[in-house]
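In this chain, residues are counted from 1 in sequence order.
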Amino acid sequence: MINRLSRKWGRCVSRWLCRADVAAAARAEVEPLEPRLLMTATATGSVDDQALTSPVSNQVVASLTTLFDDPEITGSVVRFDTVLGTYFINLFDTVTPITVNNFLSYVTDGDYNDPTTGDNFIHRSVPGFVIQGGGFNWNGTAVAGVALDSPIINEFANHAIVNGFNASVTQGNAVVTLPNGTDLSAVHAGDRIRLIGRTDGIGSTNGADGSDFFNIASVNDAADQVTLTVAPVGAGASNISWFITDDVNVRGTLSMAKVGGDPNSATSQYFVNLANNATNLDVQNQGFTTFANVIHDGMTVVDAIAALPRYNAGSPFNEIPLINYTGGSVTTNNLVRLTDVALVDPSTYLTYTIESSNPGVATANISGGNVRISTTAATAGATTITVTATDLSGNEATVTFDVIIPGISIDDINVAEDGGSAMVTLRLSHAVDHAVSVTYTTQQDTAMPGVDYTTTTDTATFTAGQTVRVVSIPLIDNSDAEAPRSFNVNLSNPQNALLTDALGRVTIVDDDAINIDIDASTAAQPLTDGLLIIRHLAGFSGSVLTSGAIGSGATRTDPAQISARLTEMSASVLDIDGDGTVQPLTDGILIIRYLAGFSGTVLTSGALGNGATRTDPAAIVAYLDTLQPLMSQPPLMAESLPPTPAPLIAEEPPVAPGSNGSPDAGTGEGVSPGSTARDPKVPTLRALALMVGDSITPPRPTTPQWTLDSPLHAYLGIGPDRDDTGPRIDLLRKREPLVVR
């Protein structure tokens with residue numbers, strides 16, 4: 001039964017705090033509980049970003065001790081595993097070494113977790129005051145006292161801020177002048193001035209030596225003076241050694257219990273302060289020595305213990321907290337047992353993890369207390385290294401830094417022939433804190449050095465923090481009408497960076513108005529300029545070349561002028577697929593599809609000549625972009641893809657330009673002048689359909705809306721004419737005007 005605990009251990013009452021006066025005073029004077037400010041794993045340093053251009057292996061970039069700290073840990077750490085949770089305490093090794101060593105001897109000897117006597121348990125709980133343990137173990141069937149070592153001396157005075165001065169203090173307000181030069185930087189109003197080593201009992205109101213103290217009302221450090229106001233206890237004394245302390249027994253601290261009236265009697269029992277008990281415990285029995293404090297969020301466990309119901313099992317268990325107790329004998333499950341009390345390995349106060357966001361650039365590890373990185377520096381890029389420190393309670397702090405392998409690239413540009421210089425942009429992928437340089441050299445391609453540009457070799461330097469560098473290469477202007485031509489700019493010899501794109505291409509666009517705006521209307525259109533080009537390549541001239549194919553606002557309308565312009569362009573500019581020839585069913589179809597807004601495979605399907613060297617749809621679009629007039633409108637957008645066209649039928653030469661022949665009205669096929677037989681070189685209706693894809697839905701610009709009889713008519717500018725034999729087509733002139741809605 002519970003009262004058996006009282007009868008068996010009544011002799012241990014002298015090791016408890018005196019409940020009759022201390023507990024009662026505490027209940028009267030204790031301050032309201034306040035949330036505890038948690039100090040956890042903290043990042044205390046940083047790592048500079050690392051810019052690398054050569055391989056490194058396990059390169060040290062920082063020491064963990066400079067990056068992280070746990071500000072609450074100043075000494076050894078002990079872990080308390082209780083049935084209600086785990087908490088940790090930080091020991092005041094250097095402030096109260098005797099008390100700490102005494103406590104650790106019980107911990108490391110296993111006195112609180114003995115194989116025979118069992119686990120220690122919390123045997124006293126006073127709400128708003130303390131919980132107490134360290135005195136008794138339970139092995140599942142019986143209570144046993146902890147085996148005691150010799151008592152230790154009281155070290156409360158070790159908490160002094162200012163120690164060992166003589167002063168004269170009288171009842172009531174007084175000014176105490178300290179020795180000249182005394183450091184009062186840590187002294188504040190509210191601290192206490194106390195006697196050291198009182199043995200005569202003079203002036204003591206409660207009869208206990210050394211209990212006299214005074215509250216400090218104000219501090220005048222400049223004059224080395226402390227103004228005192230007498231406290232509710234104590235009396236004056238002169239020429240006696242004094243010391244000054246802050247509040248010591250505050251919430252979350254651990255102190256040693258001792259025998260009443262004997263300041264040097266502490267052994268195994270300790271208590272945790274649930275509130276600021278300084279006004280009571282700092283002045284009683286020459287002060288109770290605090291030797292540790294609860295760290296992190298451990299007070300949540302302590303408070304959970306303090307919140308348990310308490311029961312009277314007779315002294316010394318008349319305020320014992322029990323778990324789920326419903327009456328009868330106390331069992332193991334009712335006691336707040338400490339399943340383990342152990343000294344913590346200092347290497348585990350903080351544990352670390354490290355990761356790289358892009359291991360392909362660099363990896364990281366922790367070894368020998370250092371953060372290390374490794375990289376092959378084979379690929380330019382960046383990765384973020386994150387180092388995480390986790391404290392004993394699972395709280396985390398992180399430090400991040402970047403590992404950068406900068407890369408240099410060069411832009412491709414188009415430039416006007418009369419632009420004076422090609423301004424080529426070099427780019428550094430990441431800003432770095434040092435200079436980066438690279439050599440650039442021109443290389444001949446279709447453009448000729450000394451004719452189109454000036455051969456150049458030089459060094460470009462990126463200053464610290466700079467990511468864009470523009471270099472100038474002189475151009476040479478001339479009066480010849482030419483197709484776009486190009487030269488390369490090669491990068492080499494990078495310093496402090498890698499090359500990610502070492503080849504730049506400069507395309508010189510002729511300033512002599514070579515473009516596919518054939519009718520000079522300032523806009524290249526499929527139903528005007530595209531039709532003119534394909535008719536010209538098919539051998540048309542005169543009015544049949546231009547009929548119905550001149551755009552609004554055109555300034556070049558004369559067929560001869562247009563033919564001359566197209567002839568000038570044909571040899572070089574209009575060889576769109578780069579096969580060395582200019583053909584209507586390849587280059588012509590590519591141009592008209594491009595102007596209609598086609599791209600991808602729908603642009604090139606069935607329209608590339610044998611031996612074509614420019615076959616990639618994107619490359620063809622890029623080339624044709626250089627032939628657009630400056631004021632050109634965007635091309636129309638095709639809505640659907642054409643089917644894969646059937647092979648074109650080989651044809652023979654077209655009707656000679658300027659002839660008076662005409663297509664046969666009955667067959668719809670091309671015929672030679674003066675003949676009713678079909679001329680196979682004139683594109684058939686089937687062949688023309690294949691040029692543009694007979695089932696392609698015509699583009700639909702926002703305005704105007706074209707209404708045509710078939711997709712074929714939309715691209716070739718032709719109209720149907722019917723008789724008894726079926727559809728016929730006139731290739732030489734547009735017989736039906738477009739209808740605009």
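In this structure, the side chain of Thr339 engages the main chain of Asp81 through a donor-acceptor pair within 3.5 Å. In this structure a side-chain-to-backbone donor-acceptor pair under 3.5 Å is missing from Thr375 to Ala362. Distance alone, capped at 3.5 Å, is enough to place a donor-acceptor pair between the Asp391 side chain and the Ala41 backbone. The backbone N or O of Thr290 sits less than 3.5 Å from a side-chain atom of His159, completing a donor-acceptor pair. A donor-acceptor contact shorter than 3.5 Å links the side chain of Ser265 to the backbone of Val259. Judged by distance alone, the side chain of Asn370 and the main-chain N or O of Arg372 form no donor-acceptor pair under 3.5 Å. Judged by distance alone, the side chain of Asn113 and the main-chain N or O of Gly110 form no donor-acceptor pair under 3.5 Å. Formation of a donor-acceptor pair under 3.5 Å by the Asn334 side chain with backbone atoms of Thr331 is found in this model. Put simply, the side chain of Thr42 never gets that close to the backbone of Thr44: no donor and acceptor are under 3.5 Å apart. Although no hydrogens or angles enter the test, the distance criterion places no donor-acceptor pair under 3.5 Å between the side chain of Arg251 and the main chain of Asn273.
Each of Leu343, Val107, Ile89 was scored for a side-chain contact (heavy atoms from CB on, under 4.5 Å) with Ser76, with one residue passing: Leu343. Just one residue in the list Val61, Val47, Thr363, Ile373 forms a side-chain contact (heavy atoms from CB on, under 4.5 Å) with Val403, and that residue is Ile373.
Between the side chains of Thr141 and Asn139, a donor-acceptor pair is found at a separation under 3.5 Å. Residues Asn285 and Asp262 bring no donor and acceptor atom of their side chains to less than 3.5 Å of each other. Residues Thr74 and Asn90 have side chains that bring a donor and an acceptor to within less than 3.5 angstrom of each other. At a cut-off of 3.5 Å, with distance as the only test, a side-chain donor of Asn137 or Asn120 sits close to an acceptor on the other residue. A donor atom on one side chain and an acceptor atom on the other are found under 3.5 Å apart for Asn249 and Ser255. A donor-acceptor contact closer than 3.5 angstrom links the side chains of Thr289 and Asn154. Under the 3.5 Å distance criterion, with hydrogens and angles disregarded, a donor-acceptor pair is assigned to the side chains of Ser105 and Asp149. Under 3.5 Å, the side chains of Asn318 and Ser315 contain no donor-acceptor pair of N or O atoms. Side-chain N/O atoms of Asp246 and His188 include no donor and acceptor closer than 3.5 Å.
With rounding to the nearest 0.5 Å, the separation of CG in Asp48 from CG in Asp402 is 11.5 Å. Taking CD1 of Ile295 as the start and CG of Asn395 as the end, the distance is 10.0 Å to the nearest 0.5 Å. Distance check: Leu274 CG to Ile131 CD1 gives 6.0 Å after rounding to the nearest 0.5 Å. Taken to the nearest 0.5 Å, the CD1 atom of Ile385 stands 9.5 Å off from the CD atom of Gln50. Separating the CG atom in Asp303 from the CG atom in Leu308 is a distance of 11.0 Å, to the nearest 0.5 Å. A distance of 9.0 Å separates OG1 of Thr348 from CG of Leu350, quoted to the nearest 0.5 Å.
The side chain to side chain contact (heavy atoms under 4.5 Å, CB included) search around Thr400 returns Thr384, Thr386, not counting sequence neighbours. With sequence neighbours left out, the side-chain hydrogen bond (donor to acceptor under 3.5 Å, both in side chains) criterion links Asp109 to no other residue. The side-chain hydrogen bond (donor to acceptor under 3.5 Å, both in side chains) search around Asn264 returns none, not counting sequence neighbours. The side-chain hydrogen bond (donor to acceptor under 3.5 Å, both in side chains) search around Thr99 returns Glu155, not counting sequence neighbours.
Contact of the Asn333 side chain with the Ile323 side chain is not registered, since no non-hydrogen atoms from C-beta on lie closer than 4.5 Å. Counting heavy atoms from C-beta outward, Val78 and Val344 have side chains that stay 4.5 Å or more apart. With a 4.5 Å cut-off on side-chain heavy atoms, Val146 and Phe136 do not count as touching. The shortest distance between side-chain heavy atoms of Val387 and Ile366 falls below 4.5 Å. Proximity of Tyr349 to Ile73: side-chain heavy atoms (C-beta onward) are separated by under 4.5 Å at one or more points. His123 is not listed as a side-chain neighbour of Pro316, based on a closest heavy-atom distance of 4.5 Å or more. Put simply, the side chain of Arg310 reaches to within 4.5 Å of the side chain of Ser125, judged on heavy atoms. Contact annotation: the side chain of Val371 never approaches that of Val60 to less than 4.5 Å [non-hydrogen atoms, C-beta and beyond].
Heavy atoms only, all atoms of each residue included: Ser63 and Thr66 are closest at O-OG1, 2.7 Å. Across all non-hydrogen atoms, the minimal contact from Val302 to Val272 is CG1-CG1, 3.9 Å. Residues Gly133 and Ile122 approach most closely at CA-CD1, 4.2 Å, considering heavy atoms. Pairing each heavy atom of Pro97 with each of Asn158, the nearest pair is CD-ND2, 4.3 Å. The nearest pair of heavy atoms linking Phe156 to Phe288 is CD1-O, 3.4 Å. Minimum heavy-atom separation, Asp297 to Ser393: OD1-OG, 3.4 Å.
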Stepwise, does the side-chain contact (heavy atoms from CB on, under 4.5 Å) test hold for Val187 with Val162? CA-CA 8 Å; Val187 180; Val162 179; 3.7 Å; yes
Using the side-chain contact (heavy atoms from CB on, under 4.5 Å) rule, take Thr379 and Val361 through it: C-alpha gap first, then chi angles, then the decisive distance, then the call. CA-CA 7 Å; Thr379 304; Val361 172; 5.7 Å; no
Stepwise side-chain contact (heavy atoms from CB on, under 4.5 Å) test for Met256 and Asn102: CA-CA 10 Å; Met256 299 304 298; Asn102 171 74; 3.7 Å; yes
Go through it in stages, so that I can follow the logic: the residues are Tyr311 and Phe317, the test is ring pair (Phe, Tyr, Trp, His ring centres under 6.0 Å), and I'd like the CA-CA distance, side-chain angles, deciding distance and then a yes or no. CA-CA 8 Å; Tyr311 297 87; Phe317 305 113; over 10 Å; no
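For residues 351-372, the set of pairs meeting the ring-ring contact (aromatic ring centres under 6.0 Å, His included) definition, not counting sequence neighbours, comprises Phe68-Tyr352. Here salt bridge (Lys or Arg N to Asp or Glu O under 4.0 Å) pairs that include residues 331-342, with residues two or more places apart or in two chains, are Arg79-Asp340, Asp119-Arg337.
Ring geometry, Tyr112 versus Tyr270: the interplanar angle exceeds 60°, so the pair is classed perpendicular (tilted spans 30 to 60°).
Counting heavy atoms of neighbouring residues, nucleotides and ligands inside a 6.0 Å radius, atom CG of Asp345 exceeds 12 of them.
For Phe80 and Phe88, the ring centers are positioned 6.0 Å apart or more.
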